[in-house]
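Convention: sequence-line order gives letters A, B, ...; per-chain numbering from 1. The figures that follow rest on heavy atoms only: side chains count, while hydrogens, waters and symmetry mates do not.
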Amino acid sequence: MSTLFGESSGAVGGVPYDLFGPAVLAPTAGDESRDGSGGSGGLPRLDAEGLLDGLNPQQRAAVVHIGAPMLVVAGAGSGKTRVLTHRIAYLLAARGVRPGEILAITFTNKAAAEMRERVSALVGPRARAMWVSTFHSACVRILRSEAKRLGFGSSFSIYDAADAQRLITLVTRDLDLDPKRHPARGLAAQISNLKNELIDWEMARDRASSHPERTVAEVYAAYQQRLAQANALDFDDLIMTTVNLLQAFPDVAEHYRRRFRHILVDEYQDTNHAQYVLIRELVGQPAHGAGRAVGTVATGADETAGAGSATAAAGAGAAGAAVAMGESATWPSGAVPPGELCVVGDADQSIYAFRGANIRNIVEFEEDFPAAAVILLEQNYRSTQTILSAANAVIARNNQRKAKRLWSDAGDGEKIVGFVADNEHDEAAFVAEEVDRLTDAGLARPADVAVFYRTNAQSRVFEEIFVRVGLPYRVVGGVRFYERREIRDLLAYLRVLANPADTVNLRRILNVPRRGIGDRAEAALAGFAEAERIGFPAALARVGEVPGLAARSAKAVREFAALLTGLRAVEAQGPVALVEAVLERTGYLAELLAEDTIESQGRVENLQEFVGVVQEFVERNPEGSLAAFLEQVSLVADADQIPTDDGSDGVVTLMTLHSAKGLEFPVVFLTGLEDGVFPHLRTLGDPAQMEEERRLAYVGVTRARARLYLTRSVVRSAWGQPAYNPASRFLGEVPDALIDWRRLAEAAPPPATRTWGSGSAGSSFGSAGLGAAAGGSASARRPLANSPFAGRARPAARAVVELNQGDRVTHDSFGLGVVVAIAGFGDSAEATIDFGAEAGTKRLLLRYAPVEKL
DNA sequence: GATCTCTTACTTTTT
DNA sequence: GTAAGAGATC
């Protein structure tokens, strides 16, 4: 059936389209007579007009738009989620679209959940029939149902970055590559980049023109072979394989095009090439941007379609009507007309280019889709004008961008507060004091406050101070639950049970817990598998034939195989029973319990928590299989712990700028504003990366609703030694009139100049300003003890803390802890300290460890 | 095969 | 300052 709309009004395909056709054509719908009249009475009923209430003209135009692909350029805080959710509701209410015809794509599960929730609030339970999901889970869903076509089982494993890296390590070992010169991490990144560009291993091989490229291609080929053997796909494969599927099987593509008549994409600026092509394939309209299609096979019908609508819609203004007419006029009967595409994004918030996001997707949207409508949302409903002016001023320094200026009618509000600390501890102390002051004055609750920094390592100092002053906080990011060793071990067992071919995970658990199958035994098995051209799992079954395997090892392997067989028998009893059986029968739990250290107890607790996760899953999905559970875990990764505001005082949130995207807080501290920290050291020499850093600054600034603090530190210890970094260039880009400097650097910028003057005689100071950070040379890191400011700064040679068993301490990164044991004395004194379930137990050399007695 | 010690290299990372 | 990985040693 068709959701095309005819000339002006009337019913097409049984769906009534009245009223709305013409209105759409005016992108700026004039004045918004808020329709305060009685028109929208009944609440529960889906009221199309009511959905437009309270929207500004641009938002309204985006909600109501019909036909041609639409780009909504949504500046920070301009209500893009509102536009998306209202558009979806409006499609249902006004245009008779069925929920099942809607596919809404986001990048994070959190965003997907939020969108689903907000749509449900508007349209009720009907929302359940829609696909509101991440790119990856949408692809998994498609791949599982079409797995047969591609020749792999529908129970394929999903390898995350860590699994992928492990497998690449195995591959490089097989290929006899020097792991020093070819680190798995780098190879994994390169292969990932290729996949993001939809370059498969054969294409990579054919194009490789240099030795390093040939090496990557070789690894890539072997890696894909191993993945296939393991019946596994990595994250990037999920997208690329789906694209391949749609391109190779026109009937499959048509099936999904018929199904998804409306495709909405959030955070479009973060899409990579593969995701872009995926969207294009699903919409069914080939892009017109020249030379874009890498390995694209468009069907004949599509070509016709694209050309038809492009020509017809040449007049950009009247896009909607033109496309509609063009389509109905030129569409070959039986073919599926393109779906409606609505993408929302903000090029200024593109901060994932380093991971393959391609900013051109949004910048050149109009070239890709010549009939496209573009709507600009510039009114910001989040921040004060002061904050927006700062954001505008900073981002305006980027050359590669389209002009856009956020504005607000919320008034100027408070000035931005600037603060220069002598060292990072003072910077953190200032933040803590300020939060304290605001909360005491009733101006904010801890939950209203966020502290942002460039890198995770910077959270340490804040935690230390916050613990000391008793300010409740939560760090987002860092070591995640699902990345903990014991959790990954347990997951590896489950994955092997679900997918016996999963070699990477099988080899991970082969000797975990230790059962006497060491490296030699593993190598013998791998060699045998290679020689016999069978998979590693098959080699286990034929252990008797493996040459060079000690009798004792062979016995251990047999027992291991029997263990797995026994566990598979438990699978029918459900995931919970299975997980418990794994923990029991493998001896994993017993080993941890026997260890009986604080650390092992923490691990046991984590495993218990994991069992809880499984229980919860089963309660919610009574029919849920192990495979379904594993999929959820793979794709949800860490169901992020951004504190939700429940109305209580809550806690201060600490996170990196990257994690901050999409969030907002009444009070924001943007810290570490130093060249070399933010912008990061590695970006100083690269204009493109610098622009990305600036976008990151823009994201940070625009998270703030009412109060923004910009802080930096004159000296900061990096890698254990103090470094003097010049003020961040971003600070200088904020108009001074907007900033109320609470404290500035000492008049004579002493240590920095002196250090520089004495160190690098010939270097020009101008470039040295950057070099101060970039060089990381010894001269830049003179110990503070020599400086006149040593008293204020952190002591370079720390006095060894005297501790006794049972003392309570705080540690820069681990937080609160209790001393379990002490060994040695003087400079070699060593303490074993329990930092609780999160950090576990650590053995620290007190001479260096940043611990303080409480 | 397990354990210890030493070296190394440290962005960001929605999935 | 830390943690992971490699190499040496028990």
Side-chain angles (χ1 to χ4, degrees), chain A residues 105-112 133-140 158-162 164-165 169 179-180 183-185 188-189 192 196 233-239 266-267 269-272 274-275 351-357 452-458 460 476-477 479-480 482-483 485 511 514-522 550 552-553 556 631 633-640 642 655-663 672 676-684 689 692-693 695-696 699 717-721 776 798 811-814 839 842-845 847-851:
Chain A
I105 303 181
T106 63
F107 275 85
T108 68
N109 292 292
K110 192 172 189 290
S133 69
T134 63
F135 271 102
H136 293 84
S137 37
C139 286
V140 169
I158 299 167
Y159 279 9
D160 67 15
Q165 206 173 306
T169 308
K180 287 247 162 57
R185 209 178 130 175
S192 171
N196 289 161
L233 295 175
D234 67 21
F235 277 146
D236 303 309
D237 283 334
L238 295 178
I239 313 285
D266 193 13
E267 306 280 17
Q269 76 280 356
D270 289 333
T271 50
N272 59 35
Q275 289 159 338
I351 54 173
Y352 285 103
F354 75 94
R355 284 186 85 253
F452 300 155
Y453 35 77
R454 177 64 235 266
T455 64
N456 278 311
Q458 289 167 254
R460 255 225 293 9
V476 175
V479 185
R480 293 140 197 252
Y482 287 104
E483 281 166 23
R485 200 208 321 164
N511 199 29
R514 297 207 171 87
R515 52 173 71 89
I517 311 175
D519 291 347
R520 284 187 63 149
E522 186 183 343
R552 195 166 52 162
S553 301
E631 176 179 320
V633 169
S634 313
L635 293 176
V636 170
D638 79 299
D640 235 359
I642 293 160
M655 66 182 113
T656 63
L657 284 154
H658 282 88
S659 329
K661 195 172 71 164
L663 305 174
V677 176
F678 182 39
H680 194 270
L681 198 61
R682 306 267 264 236
T683 66
L684 295 176
Q689 284 195 59
E692 180 146 316
E693 294 285 294
R695 292 194 290 270
L696 199 51
V699 166
S717 40
W719 299 305
Q721 288 200 297
R798 115 185 352 260
H811 182 276
D812 277 14
S813 48
F814 302 135
K842 308 276 175 191
R843 250 170 47 173
L844 303 168
L845 200 52
R847 183 143 80 106
Y848 300 115
V851 283

### B:dT11: syn or anti, per glycosidic angle within 90° of 0
syn
### Message
Is A:Asn109 close enough to B:dT14 that one of its side-chain N or O atoms is under 4.0 Å from OP1 or OP2 there?
### Response
no
### Task
Summarise protein proximity over nucleotides 8-13 of chain B in one line of letters, 5' to 3': B for base, S for sugar-phosphate only, - for none, counting protein heavy atoms closer than 4.0 Å.
--BBBB
#### Entry: Atom-pair distance (NZ on A:Lys661; C1' on B:dT15), nearest Å
13 Å
### Message
How many whole angstroms separate atom CG of A:Asn272 from atom P of B:dT14?
### Response
15 Å
### Task
Write down the distance between CD1 (A:Ile239) and C1' (B:dT14), rounded to a whole number of angstrom.
12 Å
#### Entry: Side-chain donor-acceptor contact under 3.5 Å, A:Thr455 with A:Gln458
yes
### Task
Give a yes or no answer on whether the side chain of A:Asn272 reaches the backbone of A:Gln275 with a donor-acceptor pair at less than 3.5 Å.
yes
List, with names and distances, any nitrogen or oxygen atoms from the protein found under 3.5 Å away from nitrogen or oxygen atoms belonging to nucleotides 1-4 of chain B.
{"unit_1": "B:dG1", "atom_1": "OP1", "unit_2": "A:Gly518", "atom_2": "N", "d": "3.0"}
{"unit_1": "B:dT3", "atom_1": "OP2", "unit_2": "A:Arg514", "atom_2": "NH1", "d": "3.1"}

### Message
Going by side-chain contact (heavy atoms from CB on, under 4.5 Å), name the residues that satisfy it together with A:Ser192, two or more places apart in sequence or in a different chain.
### Response
A:Asn196, A:Asp236
#### Entry: Separation of B:dT15 P from A:Asn196 CG (nearest whole Å)
15 Å
#### Entry: Under 3.5 Å donor-acceptor, A:Tyr453 side chain and A:Leu657 backbone
no
#### Entry: A:Asn109 (side chain) donor-acceptor with A:Leu635 (main chain) under 3.5 angstrom
yes
### Flag, side chain of A:Thr169 to backbone of A:Gln165, donor-acceptor distance under 3.5 Å
yes
### Query
Donor-acceptor pair, A:Asp266 side chain versus A:Ala111 backbone, under 3.5 Å?
no
### Summary
Value for CD1 (A:Ile351) from CG (A:Leu696), rounded to nearest 0.5 Å, stands at 5.0 Å
